[in-house]
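Data block below; observations after.
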Amino acid sequence: ISQTTWTQNTPYVFRDDAFIAGGAALTVDPGVEIHGHEFSLRVDGSLTLSGEPESQIVVYDLSIEPGNTSEDASHSVSISNAILSKGTLFSQQRDGGGLTLVDSIIIEADPIIVNDPIYTSDIERNVFVRSGGLSLSAKDGADINVVGNVFFEQTSAYAVNLLGADNASVAVENNSFLSKDNIAIRFNGNQDDNLFNAQFNYWNTIDPSKIETMIFDGLDSNEDHRVVFEPYLFTPHDEVAQTLGITQIPDADGDGAPDIADAFVDDPTEYLDTDGDGLGNNADNDDDGDELLDTDDAFPLDADESLDTD
């Protein structure tokens with residue numbers, strides 16, 4: 001495919017694999033439908049799918065993959081206001097390039113791998129439905145921003161998997177992880193330090209002990225690397241709430257914890273009662289009810305643990 005623009009005149013149907021050469025660009029206008037039929041579009045140049053909120057681009061069963069395998073590859077894919085159904089997007093590990101994916105819906109697609117891009121990559125305000133998660137690695141000042149997304153029933157072992165960050169940042173904030181029985185964030189510890197900041201996300205629960213079960217880090221492998229998740233959101237972020245169609249969340253005492261998840265709906269100073277003894281965690285000096293004061297308990301929210309000798 002050479003320099004060209006696809007307009008809304010007719011559906012575009014793939015009958016074979018296609019290739020955007022280095023230096024070439026394909027732009028897809030709002031409202032276009034693309035039927036991939038399990039073929040692939042390999043991108044060495046640039047691909048821009050620029051939909052609009054009322055005129056989304058719809059892509060069925062197409063694999064959109066970076067072509068060049070070198071670490072300085074300059075491929076660029078930018079997708080906004082699109083619906084990607086099945087197929088793949090950056091499912092192969094390729095260094096370089098960059099990905100922008102915003103304001104889109106991804107349905108039953110494979111995991112997305114953004115591996116050491118040379119451009120800042122933004123994955124923002126998308127809804128991932130029964131799709132694979134995001135595998136991310138950043139270096140040399142090319143940051144990756146994962147902000148304001150919704151992850152529902154991800155099919156991979158994680159929603160966000162941080163592979164590493166070297167002289168670059170990976171921001172994960174204001175997202176909603178709705179599947180409480182799945183791993184939301186996996187952190188392998190390959191970063192400038194051993195802490196990964198995942199604050200200000202919504203976990204579909206306000207129980208920190210439950211949130212910890214949605215995180216895989218050094219606590220699960222007896223190593224030092226940790227995901228820092230507090231403070232966290234009690235409700236979906238405003239932009240995400242609009243996406244989910246949430247206009248008003250009842251909160252009788254105005255403490256930020258929705259009534260449905262507030263053990264003390266009329267007490268603005270309390271919302272959590274980990275041990276169910278009727279005394280809120282803020283007032284309770286033994287939150288998990290293991291008869292050991294919180295100040296002497298290495299795991300004050302886990303009744304089965306109290307010591308961490310190493």
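Small disclaimer: the values here were computed from a predicted structure and weren't measured. Positions are given from 1 along the sequence.
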Notebook entry, point to check: Using a distance-only test with no angle check, is there a side-chain donor-acceptor pair under 3.5 angstrom linking Asp103 and Ser80?
Noted result: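 There is no such pair (donor and acceptor under 3.5 Å, judged by atom type) between the side chains of Asp103 and Ser80.
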Checklist line | Exercise: do Ser63 and Thr88 side chains pair donor with acceptor under 3.5 Å | finding: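 Checked: Ser63/Thr88 side chains pair up, N/O donor to acceptor below 3.5 Å.
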Minimum side-chain heavy-atom gap [X]-[Y] below 4.5 Å:
{"X": "Ile106", "Y": "Leu89", "result": "no"}
{"X": "Asp17", "Y": "Arg42", "result": "no"}
{"X": "Ser40", "Y": "Phe14", "result": "no"}
{"X": "Tyr12", "Y": "Thr7", "result": "yes"}
{"X": "Glu173", "Y": "Val147", "result": "yes"}
{"X": "Leu272", "Y": "Pro208", "result": "yes"}
{"X": "Ser91", "Y": "Glu65", "result": "yes"}
{"X": "Asn161", "Y": "Phe216", "result": "no"}

Item checked: Test log, rule side chain to side chain contact (heavy atoms under 4.5 Å, CB included), inputs Phe299 and Asp297 -> CA-CA 5 Å; Phe299 302 92; Asp297 193 337; 4.0 Å; yes
Counting N and O atoms only, with roles assigned by atom type, does the side chain of [X] sit under 3.5 Å from a partner on the main chain of [Y], one being a donor and the other an acceptor?
{"X": "Asp217", "Y": "Val227", "result": "yes"}
{"X": "Ser156", "Y": "Gly133", "result": "yes"}
{"X": "Ser104", "Y": "Ala82", "result": "yes"}
{"X": "Asn126", "Y": "Ile105", "result": "no"}
{"X": "Asn175", "Y": "Asn149", "result": "yes"}
{"X": "Thr205", "Y": "Lys210", "result": "no"}
{"X": "Asn201", "Y": "Asn174", "result": "yes"}
{"X": "Ser55", "Y": "Gly31", "result": "yes"}
{"X": "Tyr202", "Y": "His237", "result": "no"}

Checklist line | Stepwise side chain to side chain contact (heavy atoms under 4.5 Å, CB included) check, Ile123 with Val114 | finding: CA-CA 10 Å; Ile123 302 174; Val114 181; 4.3 Å; yes
Next item on the list: For residues Ser179 and Glu153, report the shortest heavy-atom separation together with the two atoms involved.
Entry: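 Shortest heavy-atom contact: OG-N, 2.6 Å.
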About how many Å separate [atom2] of [Y] and [atom1] of [X], when rounded to the nearest 0.5 Å?
{"X": "Ser176", "Y": "Asn204", "atom1": "OG", "atom2": "CG", "value": "8.0 Å"}
{"X": "Leu301", "Y": "Asp207", "atom1": "CG", "atom2": "CG", "value": "7.5 Å"}
{"X": "Asp284", "Y": "Asp273", "atom1": "CG", "atom2": "CG", "value": "7.0 Å"}
{"X": "Ser78", "Y": "Leu47", "atom1": "OG", "atom2": "CG", "value": "8.5 Å"}

Do [X] and [Y] belong to the same hydrophobic cluster, where Ile, Leu, Val, Met, Phe, Trp and Tyr are linked whenever their side-chain heavy atoms lie under 4.5 Å apart, directly or via other members?
{"X": "Ile79", "Y": "Ile57", "value": "yes"}
{"X": "Tyr158", "Y": "Leu99", "value": "no"}
{"X": "Val172", "Y": "Val102", "value": "no"}

Next item on the list: Would you sort out whether Val28 and Val59 count as a side chain to side chain contact (heavy atoms under 4.5 Å, CB included), showing the intermediate values?
Entry: CA-CA 11 Å; Val28 180; Val59 183; over 6 Å; no
Apply the side-chain contact (heavy atoms from CB on, under 4.5 Å) test between [X] and each candidate in [options]; give the one that qualifies.
{"X": "Phe196", "options": "Ile215, Ile185, Asn188", "result": "Ile185"}
{"X": "Asp290", "options": "Asp286, Asp294, Leu293", "result": "Asp286"}
{"X": "Glu124", "options": "Thr100, Leu101, Asn145", "result": "Asn145"}

Next item on the list: Determine, step by step, whether Trp6 and Leu26 satisfy the side chain to side chain contact (heavy atoms under 4.5 Å, CB included) criterion, reporting the C-alpha distance in whole Å, the side-chain angles of both residues, the deciding distance to 0.1 Å, and the verdict.
Entry: CA-CA 8 Å; Trp6 289 359; Leu26 170 61; 3.6 Å; yes
Notebook entry, point to check: Should we count CD of Glu291 as having more than 12 external heavy atoms under 6.0 Å?
Noted result: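 No - once you tally the heavy atoms of other residues, nucleotides and ligands closer than 6.0 Å, there are 12 at most.
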Check: Just wondering, more than 12 heavy atoms not from Gln199 lying within 6.0 Å of its CD?
Finding: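 For Gln199, atom CD is crowded (more than 12 foreign heavy atoms under 6.0 Å).
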Check: Considering the options Phe151, Phe128, Phe229, which one meets the ring pair (Phe, Tyr, Trp, His ring centres under 6.0 Å) requirement together with Phe177?
Finding: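 The single option meeting the ring pair (Phe, Tyr, Trp, His ring centres under 6.0 Å) with Phe177 is Phe151.
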Margin query: With side-chain hydrogen bond (donor to acceptor under 3.5 Å, both in side chains) as the test, pick out the partner of Thr274 among Asp288, Asn281, Asp287.
Written below: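 Checked Asp288, Asn281, Asp287 against Thr274; only one passes side-chain hydrogen bond (donor to acceptor under 3.5 Å, both in side chains): Asn281.
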